[in-house]
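Working notes for the structure below.
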Amino acid sequence: MNMGIHSRSESSHTPVAIVGAGPAGLMLSHLLHLQGVESVVIEKQSREEVETTVRAGILEQGTINLLRKTGVGERLDREAEIDEGISISIAGESHRIDFAKYTGKHVAVYPQHEVLIDLIAKRLSDSGEVWFNTEVTSIEDHESDNPKVHYRTADGSESVLSADYVVGADGSNSLTRKLITGEDGRRMKHEYPFAWFGMMVHAPQTAPELIYATHPEGFALISTRSESVQRYYLQCNPNDTPGMWPDERIWEQLHLRADSDSVIVSEGEITDKAVLRFRSAVTDPMQRGRLFIAGDAAHTVPPTGAKGLNLAMADICALAPGLVQAVKKSQSSLLSTYTERALPRVWKTQHFSYWMSSMLHSVPAEDELTSAFHTNRRLAELSTVVSSDAGRQLLAQQYVVWDFPAI
Ligand code: PHB
């Protein structure tokens with residue numbers, strides 16, 4: 001048995017089988033436990049991989065409240081940076097969006113893997129079942145009362161877990177989603193003609209709040225991880241590779257795009273470089289029979305605005321009470337409306353991520369005059385937003401608060 005990881009229970013049945021130990025899967029198993037419903041989380045990666053993979057880092061107010069309310073917000077409250085605004089920089093001219101003024105709320109800069117570390121520790125200390133290094137190979141009978149999850153462990157042995165309900169929280173390459181879209185489910189998609197080049201930098205913090213910078217050369221985002229580790233992104237071509245971004249090019253572009261009268265991007269050793277693809281996708285419905293999907297398995301948002309984890313948490317708040325009602329009272333009225341309760345919020349978030357992305361990135365066009373048209377229209381839209389109270393408030397409200405379902 002691996003240190004800190006619970007061994008497989010003798011039982012081969014669980015009320016709720018959850019595929020994937022990401023934010024959605026772990027939070028669901030935690031919420032179910034708090035309501036007296038046990039579950040098994042099956043994760044193909046090792047605990048170490050789950051706890052170290054670099055992802056985005058912004059928690060909106062609903063997510064912060066959820067973590068606090070359910071007893072996993074202690075380290076967040078101790079360590080996270082609280083931001084009451086962001087800065088939008090347009091070719092070196094900075095405009096602050098004041099969240100506190102427009103919404104009375106804030107966001108926390110607390111990376112996704114830290115949330116996962118806290119949730120895993122809590123699940124294990126509550127004797128929860130989280131099976132790492134275990135791959136789900138297929139799901140059967142999810143349209144019957146007794147779905148079955150087939151899985152393979154690291155040593156290659158295969159077994160079956162039967163469940164009352166199965167939840168696919170297995171990320172954007174989801175196996176479980178295919179059981180929904182493979183029949184008559186729809187997956188609606190949009191691809192973007194740009195991507196982000198993300199890097200981790202050992203340097204002092206550039207500015208007290210995040211900077212979203214747009215410039216004729218492209219977008220840049222100045223974010224942070226701690227006082228001495230910074231997270232920077234540069235708009236790049238989706239086909240770029242890290243080899244095309246030597247350090248000199250990175251620093252030249254970061255200064256060009258994000259420096260302003262009051263800010264100079266701080267430099268240091270670059271420890272991680274990766275290209276992040278931009279995609280939007282929504283699956284409808286998010287349920288078939290006794291199989292439900294949540295988080296990235298159901299929908300993907302581009303990273304601008306860092307909504308992915310927050311959307312996953314909101315899905316789970318919509319799903320968990322329905323599962324509790326179904327398992328404890330054998331009533332499915334709440335569960336059966338999961339898709340219709342979740343999707344309006346998913347589409348609003350999809351819109352916000354798309355809007356922020358298209359307003360801040362420069363899009364190459366076939367000819368110079370078409371490019372000039374689109375750039376000037378985009379800059380006029382951005383200027384309309386940042387130069388009026390109504391525009392700044394609209395952005396702030398969407399960045400900070402959503403109609404997070406109550407749990
Ligand atoms: C991040 O810190 O990774 C981050 C922050 C804000 C975003 C996207 C990513 O909009």
Side-chain angles (χ1 to χ4, degrees), residues 22-23 52-61 63-64 76 79-89 95-97 99 105-116 172 192 194-214 218-236 250 254 257-258 265-266 268 270-280 296 300-313 349-361 382 385 395-402:
T52 54
T53 304
V54 173
R55 302 276 167 136
I58 299 292
L59 308 186
E60 58 182 58
Q61 187 81 55
T63 302
I64 301 171
L76 163 85
E79 295 178 11
E81 173 181 304
I82 297 298
D83 281 5
E84 296 196 335
I86 54 168
S87 186
I88 302 232
S89 165
H95 305 262
R96 182 160 188 265
I97 309 289
F99 299 154
K105 307 231 162 47
H106 53 246
V107 296
V109 186
Y110 192 65
Q112 172 163 324
H113 70 269
E114 303 290 357
V115 175
L116 299 182
S172 45
Y192 298 77
F194 43 79
W196 277 2
F197 187 75
M199 58 232 116
M200 211 60 95
V201 180
H202 284 269
Q205 208 163 335
T206 290
E209 292 173 346
L210 269 58
I211 302 170
Y212 289 77
T214 190
F219 171 76
L221 172 60
I222 305 301
S223 181
T224 185
R225 287 294 176 267
S226 69
E227 272 171 24
S228 57
V229 179
Q230 310 313 320
R231 181 77 172 144
Y232 299 155
Y233 299 96
L234 282 163
Q235 176 183 347
C236 68
I250 290 174
L254 279 170
R257 299 181 195 184
V265 176
S266 70
I270 303 175
T271 54
D272 188 83
K273 297 181 181 179
V275 175
L276 281 77
R277 298 296 290 256
F278 267 55
R279 275 199 192 95
S280 289
D296 277 4
T300 307
V301 288
T304 327
K307 288 290 178 195
L309 172 145
N310 298 290
L311 198 50
M313 293 295 191
T349 313
Q350 198 62 261
H351 162 68
F352 175 69
S353 308
Y354 176 101
W355 179 55
M356 286 282 278
S357 299
S358 44
M359 200 163 55
L360 289 164
H361 291 76
L382 200 48
V385 170
L395 198 156
Q397 280 173 338
Q398 296 180 80
Y399 197 103
V400 177
V401 251
W402 279 109

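Positions are given from 1, in the same order as the sequence printed here. All ligand and atom numbering here is 1-based and tracks the order in the structure.
- Under 4.0 Å from ligand 1, the heavy atoms of Leu221 that appear belong solely to its side chain.
- Of the candidates Arg225, Arg55, Lys307, Arg225 brings a heavy atom nearest to atom 1 (C) of ligand 1.
- Taking only nitrogen or oxygen atoms, main chain and side chain alike, Tyr212 reaches within less than 3.5 Å of ligand 1.
- Counting the atoms of ligand 1 from 1 in the order shown, those under 4.0 Å from a heavy atom of Ile58 are 5 (C), 6 (C).
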Exercise. Would Val109 and Leu210 count as a side chain to side chain contact (heavy atoms under 4.5 Å, CB included) if you check the C-alpha gap in whole Å, the side-chain angles of each, and the deciding distance to 0.1 Å?
Worked result: CA-CA 9 Å; Val109 186; Leu210 269 58; 4.2 Å; yes
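- The side-chain contact (heavy atoms from CB on, under 4.5 Å) test with Ser223 is passed by exactly one of Glu209, Arg231, Gln230, Gln205: Arg231.
- Listed by atom number, the atoms of ligand 1 under 4.0 Å from Gly57 heavy atoms are 1 (C), 2 (O), 3 (O).
- Checking only distances, Leu210 never comes within under 3.5 Å of ligand 1, N or O to N or O.
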Exercise. Between Ser266 and Thr206, is a side-chain hydrogen bond (donor to acceptor under 3.5 Å, both in side chains) present by the stated rule, with each step listed?
Worked result: CA-CA 5 Å; Ser266 70; Thr206 290; 3.3 Å; yes
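- The side-chain contact (heavy atoms from CB on, under 4.5 Å) test with Lys307 is passed by exactly one of Glu60, Met356, Gln398: Glu60.
- At least one heavy atom of Trp196 sits under 4.0 Å from some atom of ligand 1.
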Exercise. Would Leu276 and Tyr233 count as a side chain to side chain contact (heavy atoms under 4.5 Å, CB included) if you check the C-alpha gap in whole Å, the side-chain angles of each, and the deciding distance to 0.1 Å?
Worked result: CA-CA 9 Å; Leu276 281 77; Tyr233 299 96; 4.2 Å; yes
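- Closest heavy-atom approach to atom 2 (O) of ligand 1 among the candidates Ser223, Gly308, Pro303, Ala56: Ser223.
- Short contacts between ligand 1 and Ala306, defined as distances under 4.0 Å to a heavy atom of the residue, involve ligand atoms 6 (C), 7 (C), 8 (C), 10 (O).
- Side-chain contact, Ser280 with Tyr192: a donor N or O sits under 3.5 Å from an acceptor N or O.
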For this session: Go through the steps to decide whether Phe219 and His361 satisfy the test ring-ring contact (aromatic ring centres under 6.0 Å, His included), and finish with yes or no.
Result: CA-CA 5 Å; Phe219 171 76; His361 291 76; 4.6 Å; yes
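- When only non-hydrogen protein atoms are considered, atom 3 (O) of ligand 1 lies nearest to Tyr233 OH, 2.6 Å.
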